Amino acid sequence: MKKKKLAVWKFASCDGCQLSILDCEDELLTLAAQIEIAYFPEATKTVIEGPYDISLVEGSITTAHDAIRILEVRKNSKLLISIGACATSGGIQALRNYVKVSEYINAVYARPEYIDTLETSTAIADHVKVDYELRGCPINKYQLLEVLSSFLHGKKPSIPDHSVCLECKLNGNPCVAVSRNLPCLGPVTQAGCGALCPHYHRGCFGCYGPKENPNTEALALYLTQNVVDNHTMLRLFRNFNAASPSFSKESKNYEKQ
Amino acid sequence: MAKQHAFRTDTQGLESLFALLSDQGYAQMGPVVRDGAIMLGEINSFDELAQGYTDEQAKGHYRIKPIPTRGLFQYAVGPQSFKQYLHPPRRKLWSTHGSQEKFTIEEGNEPEKMVFWGVRSCDLEAIKILDRIFLEGAFVNKWYQQAREQLVIIAASCPVPSANCFCTSTNTGPKPESDFDIAIHEIMDHDCCYYILETGSHKGEKLIQKLRIQKVSEEELDSLERMIEKAASSMEKRFEPAEAADLLKKTLEHKHWDEVGSRCLSCANCTMVCPTCFCTSTEDITEITGEHSERWLRWDSCFNGDFSYIHGGKIRDSTRSRYRQWMTHKLSYWYEQFGTSGCVGCGRCITWCPVGIDIIEELEALAR
Amino acid sequence: MKNNEKTREIKLDYLARVEGEGSFYVKIKDHEVIESKLKIFEPPRFFEGFLQGRSYSEVPDITARICGICPVAYQMSSVHAMEKICGYKAVGFIDKLRRLLYCGEWIESHALHTFMLHVPDFLGYPDAIAMAKDHKDWVEKALYLKKAGNDIVNILGGREIHPINVKVGGFYRYPYPAEFKEVKERLQKAQEIAHSAAQWMATLEFPGFEFDYEFIALHNEGEYPMNHGHIVSNKGLSLEAETYEDHFSEEQQPYSTTLHTWLDGERTVFTGPLARFNINFEQLSETAKSLAREIGLYPVCKNPFKSLLVRMIEIFYACEEAVRIMDQYVFPGEIDDHVKPKAGVGRAATEAPRGILFHRYEINERGIIQNARIVAPTSHNQRIIEDDLRRLVIQFEDLNDELLTERCEQAVRNYDPCISCSTHFLKVNIERE
Amino acid sequence: MAQESDHAEVNRQSLQRDIWLPLLYTVKEKKTENRGIVTLTLAPSAEEAIEPMEPGQFNMLYAFGIGEIPISISSLWNLQSTLVHTIQDVGAVSKAFCDLSTGDQVGVRGPYGTRWPLNKAKNKDVIILAGGVGMVPLRPLIERILNDRSRYGKLNVLFGARSPENIIFHQDIISWQADPTLNFQITVDHAYSNWRGHVGVVTYLIEEANFDPENTIAFICGPEIMMRYAVHACLDANVPTDHIFLSIERNMKCATGFCGHCQYGPFFVCKDGAVFSYPQVKIYLNIAEL
Ligand SMILES: Cc1cc2nc3c(=O)[nH]c(=O)nc-3n(C[C@H](O)[C@H](O)[C@H](O)COP(=O)(O)OP(=O)(O)OC[C@H]3O[C@@H](n4cnc5c(N)ncnc54)[C@H](O)[C@@H]3O)c2cc1C
Ligand code: SF4
Ligand code: SF4
Ligand code: SF4
């Protein structure tokens with residue numbers, strides 16, 4: 001069987017999600033034997049022409065140039081998978097969506113004319129059709145392997161869209177919201193990290209974005225009545241998935257203190 | 001309690017019971033203090049058992065506090081139940097190797113030989129409910145059966161129920177009455193405590209015979225009775241299981257479901273901490289070469305969207321319908337399915353709901 | 001082959017095997033370099049802007065996102081700066097655990113860079129996977145090393161990328177010593193791998209290319225620097241993080257989204273492993289020192305290509321140091337590491353795998369950040385990389401374009417430039433005429 | 001609740017084996033029914049086979065490395081140990097089955113679920129109402145009736161498909177259409193100009209059926225909305241409530257009542273169904289999101 005061609009693309013990001021591929025220390029060589037790494041500049045100089053069977057896209061769209069580049073990537077890819085919070089919801093850099101970027105640049109840059117940037121940071125799916133979105137800031141490398149393996153073999157990826165809470169309990173943590181009165185976004189955040197923060201005695205701050213059917217309103221109401229002030233609530237929703245629709249909407253309710 | 005089955009001992013007696021079971025090769029599970037809560041864990045030496053703690057519970061609230069006495073059981077149930085050992089959160093069902101043209105299947109692991117320490121009567125009843133589900137129906141869960149057959153249950157009566165407990169309503173406590181091997185009753189005597197051990201099975205009797213123990217006196221049995229009465233009368237939460245079962249059949253379209261649906265987060269915590277919730281999902285994990293695959297069982301919850309997914313959409317899309325499924329199943333349909341209520345009155349779902357939703361209060365609202 | 005054209009352009013439009021997006025361009029006319037540019041076109045992400053209005057307690061989580069390769073470094077510089085403002089000093093074992101975390105990141109990052117990004121240049125492979133066809137053993141060992149480093153970060157931080165356990169004041173959760181058991185065994189083996197890898201790498205061919213750089217690194221007498229020390233150079237510089245901004249300035253260039261750092265308005269500096277080694281050789285352990293000597297590495301080493309070897313020495317040292325810290329660690333039990341905010345300004349520099357990483361914050365009495373400034377190692381090195389390219393193309397002018405380009409690439413990788421992080425700070429304080 | 005006896009044999013079998021472990025079967029024949037729908041004939045790869053099946057029952061079929069899904073038995077014509085299953089490609093697992101070739105292996109657990117209560121139809125008229133792949137679990141029932149035709153009264157097979165491309169079992173249809181003892185009617189929701197048959201929802205076909213309402217048994221399977229209408233059409237035609245049977249579909253992971261997914265009011269569709277009598281499910285049919 002001919003090996004499938006894999007390409008890894010980068011847009012505005014910290015590189016962490018694509019580093020996850022190289023972090024698959026135990027599986028990297030097996031993966032490389034199963035798939036042809038055709039384009040992955042972080043790891044190789046080799047560039048094999050498209051079209052590509054699978055494109056992994058990291059990062060968000062923040063420049064006019066990138067908005068065009070992603071169209072090219074789409075055209076060259078049979079299957080496009082966006083990876084990480086940047087690519088699936090605009091990432092931390094989408095915090096700019098809540099301020100006026102142009103004024104902001106003028107205020108900070110000596111030579112604003114050198115800067116090519118859009119007013120907003122947006123997800124890949126806002127620009128082109130995306131076949132699968134893998135969440136996380138950063139993504140979980142085991143989930144990435146699961147997604148790659150599933151697409152190679154025609155399986156539906158086992159990537160549940162339920163809450164962090166469920167994973168929290170599977171992993172044997174006591175709830176930190178209940179036992180420590182910490183603000184925790186676990187009940188409205190999608191699982192995937194292994195419920196790390198509760199295990200480390202802190203509240204979830206939403207790396208994997210909203211879960212299926214998130215009741216952000218009820219959680220925020222309860223937390224602001226019992227645990228935190230409005231400003232803290234606002235900041236909790238304005239993290240790495242600030243621009244995901246439900247977090248964005250909820251954060252706006254707490255903009256005015 | 002028949003006096004011939006009851007004996008008096010102290011902490012050392014329990015320690016030697018622990019040592020005895022260790023020698024017999026059991027993995028021993030019991031309450032431990034971890035991550036700021038009374039959790040369950042495998043105990044490798046007796047002093048790892050939670051000792052000198054009590055807890056404080058309310059809706060969406062839990063704290064542990066040290067107490068001056070060295071009591072082993074002076075707290076109510078924590079977030080975990082022994083369900084996690086008989087019906088683990090994740091379990092490999094089997095693995096397979098080959099290709100679609102030809103493959104072989106290999107069974108997963110077998111359960112260990114276990115002892116459960118300090119099983120409260122509500123949790124004991126919960127185990128009996130799991131028995132009905134996994135052993136007494138049309139099909140048998142082989143792994144559960146094996147785990148169950150080798151199990152030694154050391155129950156404990158509950159001296160200090162929490163504000164969320166209501167086992168007197170469900171008739172499941174606070175004193176374990178049967179289906180244990182040994183029951184421990186911890187009696188506080190000023191700052192000290194002693195233990196009344198009660199045997200409930202042949203296995204239990206054989207174990208007790210090997211310990212240095214004393215006869216129990218009438219006064220000691222009286223103290224036990226008083227302790228149980230006090231515990232029972234301290235529970236303020238109340239409901240009528242049979243009435244609830246009927247009520248829920250008639251209120252499937254009640255507008256209160258919308259109201260509770262607006263508060264519920266569909267986070268699944270309640271189902272995870274419940275000692276009788278048994279729902280699972282299966283996941284196939286296929287290795288990148290495509291030559292090996294594993295099939296895993298993991299706890300699932302009726303609060304998840306995928307749970308009711310059939311081609312074309314989720315049957316239960318709204319949180320309202322998920323909460324209704326949970327509550328009607330637990331408190332009503334369970335009777336049709338397994339002949340009892342699905343609730344043993346442990347109060348965990350109330351304590352561990354991050355927004356403090358109380359199943360009994362919701363029931364009361366439906367009744368209005 | 002002698003190149004006779006008058007004008008020659010050596011360029012690479014997309015620099016591979018570095019983190020982030022960049023290219024370089026060198027223009028030679030009549031055997032003289034008239035332009036040398038390391039262009040970085042990574043889009044800016046405005047972190048310093050986002051930090052305004054956030055809480056002091058959020059910095060380790062937000063700044064970690066600047067760079068997926070060295071998030072620990074960002075967490076370390078940021079918490080130290082905050083703790084200085086709040087008048088808090090981390091007690092012994094917290095400090096040790098932070099050093100341990102840093103060891104993990106150094107091992108992970110250096111293993112990635114040396115074996116997977118840099119060695120392929122020396123051996124003529126496009127990447128480590130292609131290299132694995134002939135050197136499978138080394139690639140497997142590299143992955144083992146990398147994993148050992150990641151294991152440390154995993155235990156102490158929860159995950160290797162953007163770990164979640166570091167907070168202003170200490171850690172959210174302190175590990176039980178038993179959690180270190182397995183990783184300790186791995187590290188002992190990793191140290192042996194680093195030892196033999198250093199010997200192997202010393203046999204590679206290093207271009208004869210030396211220069212009298214101004215190396216800057218943190219320095220303190222007590223230990224090889226990670227979290228502490230004053231900033232010193234081999235040319236007499238010595239200052240505290242508090243006065244860093246009096247000496248270092250940044251300049252914006254039209255062709256790059258990374259700022260260029262100058263020392264005292266005119267000096268270019270060299271930061272990173274080679275600088276650390278040259279300045280802190282005495283602080284290395286005896287075993288690390290003797291390994292260095294064994295492979296012919298002494299301070300002051302002026303050949304930037306030998307950074308490869310220095311990184312192996314640092315991996316070796318970090319494995320040893322990590323085990324030492326774990327051996328001494330005892331579980332602290334219940335401790336109070338909560339830090340209350342105070343209004344003020346704080347600065348800190350720590351040694352990221354790629355060199356000095358400087359942070360400055362101003363917070364108000366509620367701990368809300370008023371402004372922030374971050375200078376990444378690659379900003380410090382940007383100038384010196386361009387200078388190296390200048391010198392290199394002249395020295396190796398005889399090579400054909402292809403080979404010369406490759407040599408240039410290899411030279412850029414000496415600095416392991418982490419482009420993605422270097423571009424997130426575009427705030428210009430001083431503009432040079 | 002369910003027919004207890006149905007489970008007795010299964011129970012004995014499951015005591016020996018872990019219920020989760022499938023038996024290996026080999027694809028002996030593959031027939032394409034229509035676009036995205038195939039019928040597979042499976043035979044045990046080794047000696048061990050599952051217990052004999054009855055109309056209405058289903059198996060859990062496992063595709064190597066892909067997953068496991070519930071699939072009804074689609075023919076019992078051949079009473080050997082072979083299994084006939086008809087599968088529509090709607091997602092990853094069903095697609096994997098559609099992509100199999102003869103000689104490939106699959107895993108099989110079963111049989112599960114209740115049967116169509118054929119004994120109740122003795123000497124009665126029969127209406128069989130199928131919507132789309134809902135015909136799959138009904139075909140073995142038709143086979144049984146035709147096999148013992150004199151035991152039953154008038155037989156009406158009413159089949160609705162979304163469009164001509166969704167029609168399955170062409171060969172059977174030809175023979176049913178030719179069979180004078182059987183009233184076969186087919187309709188499609190949408191059709192092209194060359195379609196000569198009925199157009200419209202399947203429930204209208206009841207008007208064309210031939211039966212004595214009081215003495216009629218109806219067996220229904222199809223999408224849930226279609227079944228709701230079908231039941232009402234039967235009731236409107238005066239078929240007694242307890243003479244109506246339908247097969248309900250829910251998400252299933254275990255098929256043994258352990259996973260909880262298929263709950264439908266007090267029922268586990270996997271063991272109390274999938275075949276239910278209308279009175280059993282009457283109150284639940286009209287409740288949304290139950
Ligand atoms: C008792 C019973 C008998 C069935 N008989 C047949 C049959 O004979 N022929 C046929 O083509 N189909 C039949 N189905 C439907 C078939 O099971 C689904 O089409 C199949 O599960 C879809 O799985 P998938 O992975 O291909 O699709 P996906 O949409 O990717 O499904 C993902 C998961 O959702 C669940 N799921 C999705 N759709 C359904 C569904 N309709 N019913 C139950 N679970 C679902 C499964 O757990 C599946 O693994 C039957 C369903 C039941 C309950
Ligand atoms: S700690 Fe957070 S994630 Fe865990 S159960 Fe509680 S609310 Fe959910
Ligand atoms: S429903 Fe709530 S109170 Fe009842 S057994 Fe479950 S967790 Fe305990
Ligand atoms: S009732 Fe509470 S614990 Fe249960 S799902 Fe709703 S919010 Fe979560």
Side-chain angles (χ1 to χ4, degrees), chain A residues 10-20 22-23 25-26 28-29 32 37 40-47 59 62-63 65-66 91-93 95-96 99 101 104-105 108-111 113-117 121 137-138 140-141 193-194 196-197 199-202 205 207 231-232 235 239-240, chain C residues 14-21 42-50 53-55 58 61-62 65-69 71 112 116-117 120 126-130 132 136 139-140 143-144 146-147 150 158-162 164-165 167 171-173 252-254 257 409 418 420-421 426-428 431:
Chain A
K10 175 187 158 68
F11 290 83
S13 67
C14 79
D15 277 57
C17 290
Q18 51 175 316
L19 180 67
S20 300
L22 301 178
D23 274 349
E25 288 102 357
D26 294 335
L28 188 65
L29 292 178
I37 300 182
F40 185 7
E42 184 173 294
T44 177
K45 291 214 276 199
T46 308
V47 174
T62 60
T63 66
H65 173 253
D66 279 353
I92 181 104
Q93 55 274 16
L95 288 175
R96 72 168 70 185
V99 296
V101 175
Y104 183 66
I105 298 176
V108 247
Y109 297 114
R111 300 267 175 78
E113 67 275 16
Y114 300 160
I115 306 298
D116 162 34
T117 189
S121 165
C137 182
N140 175 326
K141 66 182 181 186
C193 64
L196 275 186
C197 286
H199 180 62
Y200 282 81
H201 302 171
R202 61 181 295 200
F205 50 106
C207 296
H231 188 233
T232 309
R235 284 188 275 111
N239 265 322
F240 322 111
Chain C
Y14 203 111
L15 195 55
R17 298 208 316 269
V18 296
E19 294 88 15
E21 303 190 278
E42 179 85 16
R45 294 204 291 149
F46 308 113
F47 269 85
E48 286 148 321
F50 308 150
R54 306 294 297 210
S55 164
E58 292 177 288
D61 298 322
I62 295 179
R65 264 71 183 183
I66 291 168
C67 178
I69 323 293
L112 173 74
M116 310 190 73
L117 311 183
D127 54 63
I129 287 158
K136 186 143 188 252
V139 175
E140 281 173 350
L143 291 167
Y144 188 95
K146 188 166 163 327
K147 189 172 166 157
N150 271 338
R159 61 185 170 201
E160 50 264 66
I161 302 168
H162 309 333
I164 48 87
N165 194 22
K167 71 171 183 189
F171 291 87
Y172 288 94
R173 174 180 167 276
Q252 191 184 0
Q253 297 291 341
T257 47
E409 269 186 80
C418 184
S420 41
C421 70
L426 282 164
K427 186 167 169 180
V428 176
E431 211 207 331

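Reminder, nothing fancy here: chain letters follow the sequence lines and each chain counts from 1. These numbers were taken from a predicted model, which means no experiment stands behind them.
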For this session: Mind running side-chain contact (heavy atoms from CB on, under 4.5 Å) on A:E42 and A:K10 for me, showing each step along the way?
Result: CA-CA 9 Å; A:E42 184 173 294; A:K10 175 187 158 68; 6.0 Å; no
Exercise. By a 4.5 Å heavy-atom criterion (distance strictly below it), what part of A:N140 contacts chain C: side chain, backbone, both, or neither?
Worked result: neither
Problem set entry | Closest contact, heavy atoms only, A:F40 versus A:Q18 | CE1-OE1, 3.2 Å
Problem set entry | Contact leader toward chain C among A:V47, A:T232, A:I92, A:L28, where contacts are heavy-atom pairs under 4.5 Å | A:I92
Problem set entry | C:D127 vs A:I37 side-chain heavy atoms within contact, under 4.5 Å | no
Seminar exercise, completed: Honestly, the part of A:H199 sitting under 4.5 Å from a heavy atom of chain C is both
For this session: Report the residues that fulfil side-chain contact (heavy atoms from CB on, under 4.5 Å) with C:K167, sequence neighbours left out, ordered by chain and then residue number.
Result: C:Y172, C:D337
Exercise. Do you know which of A:C197, A:G194, A:P138, A:G16 has the most heavy-atom pairs under 4.5 Å to chain C?
Worked result: A:P138
Exercise. Taking C:R65 for the side chain and A:C137 for the main chain, is one N or O donor matched with an acceptor at less than 3.5 Å?
Worked result: yes
Problem set entry | Selection from C:V139, C:I164, C:N150, C:I62 maximising heavy-atom pairs under 4.5 Å formed with chain A | C:I164
For this session: Let me know if C:I129 has heavy atoms under 4.5 Å from chain A in its side chain, its backbone, both or neither.
Result: side chain
Problem set entry | Most contacts with chain C, counted as non-hydrogen pairs under 4.5 angstrom, among A:C193, A:C207, A:S121 | A:C207
Exercise. What residues form a side-chain contact (heavy atoms from CB on, under 4.5 Å) with A:D66, not counting sequence neighbours?
Worked result: A:F11, A:I61, A:T63, A:R69, C:P43
